[in-house]
Amino acid sequence: MHNLFERSKTEKYKRRGKSGKRTAISVILSAAILLSLSPGNIYARQGDSGYEGGISSGETPSMTSLSSTSKYEFQYQEPCFLTGVPVIMSGTLTLSKKLKEDTKTKTQTLTSTYAYSLRNGTQNTLSRTLTFVTVITPKDNGQKVEATQLTAAKENIKIGNAVYTIGSKDDYELTKSILNDNKPAVNYYSGEIMSKKRYRMGTTGSDYVVVNSTTGYTGYDQYWSSTETQIIKQTIEQQRAGKAPVQVGDISMEVSTTTKKELEYYENLPEQSSIAGGYVQTQANENILKYTADLSELDSKRNPTTKVVKHTDSLMLESFPTSTRMVSPNLNQIRGHASEENIALLFGLEAFKNPAAFDPQEYISRAEFVDAFLKVAPAVPLDPAFKPKKTSARTSKKVEIVSPFSDVAVSNPYFTSIEDATKRAIISGNGKSKFRPDELITVAEAVAIMVNALGLNGLAPNPVPVTGFRDNDKIPSYARGPMYVAERLGLISGDTKGYIYPDNKITKAGFSDMMRTYIDYMGKDLRKEYVEKLISY
């Protein structure tokens with residue numbers, strides 16, 4: 001266990017004081033934590049696996065677009081249940097996106113085309129092309145509503161001598177509605193998909209197989225990781241000419257698409273080297289599908305029999321991992337310090353600078369905290385389709401820069417970070433309020449910023465949240481909710497006597513431990529909420 005914040009022995013806190021009574025806000029440090037270190041990283045994004053009950057390898061940092069638009073080709077797998085036994089189809093999914101925006105209403109229209117080319121051996125093939133149009137409407141509370149309709153569809157499946165076709169969107173109905181809640185450091189989304197596919201059996205005639213699907217759809221995107229889960233329920237029925245429909249399949253599928261990032265610290269083996277040990281991060285997409293299918297066996301004429309067989313299996317696709325070595329400054333002055341590895345991590349993220357002058361016991365100011373915190377909680381990476389187009393237009397008109405706080409001058413070395421944090425709503429300022437940039441930040445203030453960036457203040461009960469800390473009554477009113485949430489999420493915990501010391505100032509060593517816990521939550525614990533609690537792996 002590590003003590004994260006230090007409390008001065010006197011009522012007056014100094015920037016470089018002796019360590020006094022410690023507040024034990026603790027975290028168990030793992031050998032490897034999930035995270036990413038490069039601003040250019042690409043994630044397995046919403047919709048990368050499509051909506052057909054399959055999984056793709058997803059985007060990777062080394063992947064390049066196939067065209068000037070947002071177009072990528074992924075590895076892809078999907079189980080096909082139409083013949084009464086699961087047939088795993090594998091191949092490629094090519095995804096292209098094109099975005100238009102109404103500059104007046106800010107409504108966006110995203111056109112997405114999914115092209116599948118799959119096979120199982122030489123006799124079994126699947127080709128499919130689907131086009132969706134999604135209208136993204138911003139709401140006054142900052143949320144966005146996505147409404148998706150299928151506008152074009154064509155599909156051809158051949159399994160042995162059996163052929164199943166969808167000739168147009170008249171045979172494929174789909175509607176998808178998603179609510180996006182964009183918070184400063186995390187975009188959350190959740191919604192539902194309903195679809196009905198009507199396959200012609202053979203190339204002529206009036207015999208059909210109908211697949212009805214409902215999907216619960218949820219996930220998040222953020223800098224450190226992304227996760228999407230789909231819980232799919234399907235029924236399959238045959239509709240023979242002149243006969244009543246017969247159900248031949250009942251299927252449940254659980255799909256998770258996630259980006260995993262791991263970080264490990266390595267000592268540099270040659271002692272006679274100017275390069276100290278440091279962190280290496282790896283990134284890879286892990287996509288898993290689990291299915292349970294109760295399927296009627298079909299006879300030689302493809303009519304269902306009374307024998308129903310349960311099939312259970314899982315599929316996995318992983319992208320080839322990429323690795324990045326972080327910068328590794330010489331930190332001999334902190335060798336053996338309890339927070340040594342976490343301090344090295346913060347230097348690697350460039351949250352700390354000037355290693356020669358670094359003092360782990362130095363307290364951190366409010367401005368320094370915001371500047372460093374933005375390196376740990378950067379903005380959510382944009383899908384390439386949503387990135388603003390570059391323009392060559394020039395203007396000679398000067399734009400006056402106005403500070404969001406009356407006591408933060410534009411010339412302040414931390415102005416850019418403070419302005420960015422204000423624009424992202426991590427902190428708030430109206431141009432007249434004060435930020436107090438040079439004052440030392442307290443535990444309560446730091447926790448309020450962390451939880452606000454996560455957008456999870458709503459997890460605190462109303463009207464007055466009560467934490468489990470013995471000094472709960474000393475927590476400022478503005479921080480009661482955030483402290484409750486942070487305790488619930490495991491971001492903070494009290495000392496051995498149950499005290500949190502909300503007014504304590506934070507040392508740079510304490511800040512390092514605090515951010516390590518925050519990153520671990522963003523990369524691992526949040527993912528567990530969306531995978532392990534929703535999907536029965």
Quiz item: Going from CG on N287 to OG on S319, what distance comes out if it is rounded to the nearest 0.5 angstrom?
Solution: 7.5 Å
Quiz item: Does the T105 side chain pair with the main chain of T107, one donor and one acceptor, at a distance under 3.5 Å?
Solution: yes
Exercise. Applying side-chain hydrogen bond (donor to acceptor under 3.5 Å, both in side chains), name anything that partners N156, two or more places apart in sequence or on another chain.
Key: none
Quiz item: What are the two closest non-hydrogen atoms of S493 and F469, and how far apart are they?
Solution: C-CE2, 3.8 Å
Self-check item: Where T517 and G490 come nearest, the two heavy atoms and their spacing
Solution: CG2-O, 3.8 Å
Quiz prompt | Side chain R480, main chain T467, donor-acceptor under 3.5 Å | solution = no
Practice problem: Assess whether side-chain contact (heavy atoms from CB on, under 4.5 Å) is satisfied between F386 and Q108, documenting all intermediate values. | Solution: CA-CA 10 Å; F386 288 82; Q108 298 171 312; 3.6 Å; yes
Self-check item: NZ/K158: more than 12 non-hydrogen atoms of other groups inside 6.0 Å
Solution: yes
Quiz prompt | side-chain contact (heavy atoms from CB on, under 4.5 Å), paired with D221, selected from V380, N182, T259, V186 | solution = V380
Exercise. Please test E192 against K176 for side-chain contact (heavy atoms from CB on, under 4.5 Å), starting from the C-alpha separation and ending with a verdict.
Key: CA-CA 6 Å; E192 299 78 31; K176 177 169 78 84; over 6 Å; no
Quiz item: Does the side chain of K183 come within less than 4.5 Å of Y188's, by heavy atoms?
Solution: yes
Quiz item: Can K524 and E529 be counted as an ion pair, charged N to O under 4.0 angstrom?
Solution: no
Quiz item: Are F81 and V248 close enough that some pair of their side-chain heavy atoms sits under 4.5 Å apart?
Solution: no
Quiz item: Is there any salt bridge (charged side-chain N to carboxylate O under 4.0 Å, His left out) pair reaching into residues 103-120, and which pairs are they, with sequence neighbours excluded?
Solution: none
Exercise. Output yes when a side-chain donor or acceptor of S57 lies under 3.5 Å from a complementary backbone atom of Q75, and no otherwise.
Key: yes
Quiz item: Hey, are the side chains of M194 and L174 touching, using non-hydrogen atoms and a 4.5 Å cut-off?
Solution: no
Self-check item: Charged N-O contact under 4.0 Å between D383 and K97
Solution: yes
Practice problem: Identify the heavy atoms of S56 and F74 that sit nearest to each other, and give their distance. | Solution: OG-CD1, 3.7 Å
Quiz item: Tell me, do N180 and Q46 make a side-chain contact under 4.5 Å, heavy atoms counted?
Solution: yes
Quiz item: Is the gap between the ring centers of Y189 and Y220 under 6.0 Å?
Solution: no
Practice problem: Start with the C-alpha distance between K197 and D171, add both sets of side-chain angles, then the distance that settles side-chain contact (heavy atoms from CB on, under 4.5 Å), and finish with yes or no. | Solution: CA-CA 6 Å; K197 303 176 76 170; D171 290 324; over 6 Å; no
Practice problem: Give a yes or no on this: more than 12 heavy atoms of other residues, nucleotides or ligands lie within 6.0 Å of atom NZ of K375. | Solution: yes
Self-check item: Counterpart residues, side-chain contact (heavy atoms from CB on, under 4.5 Å), relative to K307 (two or more places apart)
Solution: E297, T305, V309
Exercise. Kindly indicate, with the supporting measurements, whether the criterion side-chain contact (heavy atoms from CB on, under 4.5 Å) is fulfilled by T227 and V531.
Key: CA-CA 8 Å; T227 295; V531 177; 3.4 Å; yes
Quiz prompt | Between CG on residue D207 and OG1 on residue T204, distance to nearest 0.5 Å | solution = 9.5 Å
Quiz item: Who passes side-chain hydrogen bond (donor to acceptor under 3.5 Å, both in side chains) against N124, sequence neighbours left out?
Solution: none
Self-check item: Smallest separation among heavy atoms of A241 and S206, with atom names
Solution: CB-OG, 3.3 Å
Quiz item: For the residue pair N452 and A425, what are the closest heavy atoms and their distance?
Solution: ND2-O, 2.8 Å
Quiz prompt | Donor-acceptor contact present, side-chain R198 to main-chain E173, <3.5 Å | solution = no
Quiz item: Can you name the closest pair of heavy atoms from A460 and Y484 and give their distance?
Solution: CA-CD2, 3.7 Å
Quiz prompt | Aromatic contact, Y199 with Y208 (centres under 6.0 Å) | solution = no
Quiz item: Is there a donor-acceptor contact under 3.5 Å linking the side chains of K233 and S252?
Solution: yes
Practice problem: Look at the side chain of N120 and the backbone N and O of I88, then say whether any donor-acceptor pair between them is shorter than 3.5 Å. | Solution: yes
Quiz item: Is the backbone N or O of V376 less than 3.5 Å from a side-chain atom of W224, with the two atoms forming a donor-acceptor pair by type?
Solution: yes
Quiz prompt | Side-chain heavy atoms of Y76 within contact of I55, under 4.5 Å | solution = no
Could you pull out all donor-acceptor pairs under 3.5 Å where a side-chain atom in residues 125-142 meets a protein atom, sequence neighbours excluded?
unit_1, atom_1, unit_2, atom_2, d
R128, NE, E155, OE1, 3.2
R128, NE, E155, OE2, 3.3
R128, NH1, E78, OE1, 3.0
R128, NH2, E78, OE2, 2.9
R128, NH2, E155, OE2, 3.0
T131, OG1, T113, OG1, 3.4
T134, OG1, T148, OG1, 2.7
N141, OD1, Q143, N, 3.0
N141, ND2, Q143, OE1, 3.2

Self-check item: Euclidean distance, K301 NZ relative to N303 CG, rounded to 0.5 Å
Solution: 7.5 Å
Practice problem: Report the distance from atom CG of L298 to atom CD of Q238, rounding to the nearest 0.5 Å. | Solution: 6.0 Å
Quiz prompt | Stepwise side chain to side chain donor-acceptor pair (under 3.5 Å) test for S49 and T257 | solution = CA-CA 7 Å; S49 287; T257 302; 3.2 Å; yes
Quiz item: Between atom OG of S256 and atom NZ of K290, what is the distance when rounded to the nearest 0.5 Å?
Solution: 11.5 Å
Quiz item: Do R488 and L459 touch side chain to side chain, with heavy atoms closer than 4.5 Å?
Solution: yes
Quiz item: Is it true that atom CD of Q239 has more than 12 heavy atoms of other residues, nucleotides or ligands lying nearer than 6.0 Å?
Solution: yes
Self-check item: side-chain contact (heavy atoms from CB on, under 4.5 Å) involving S213 - partner list, sequence neighbours excluded
Solution: S195, V211, Q234
Practice problem: Side-chain contact test, heavy atoms from C-beta onward, threshold under 4.5 Å: evaluate it for I251 versus L295 and give yes or no. | Solution: yes
Quiz item: From I157 CD1 over to M201 CE, what is the distance, rounded to the nearest 0.5 angstrom?
Solution: 12.0 Å
Quiz item: Does some side-chain heavy atom of Y521 sit less than 4.5 Å from a side-chain heavy atom of L454?
Solution: yes
Quiz prompt | Backbone of Y217 reached by a side-chain donor or acceptor of T215 within 3.5 Å | solution = no
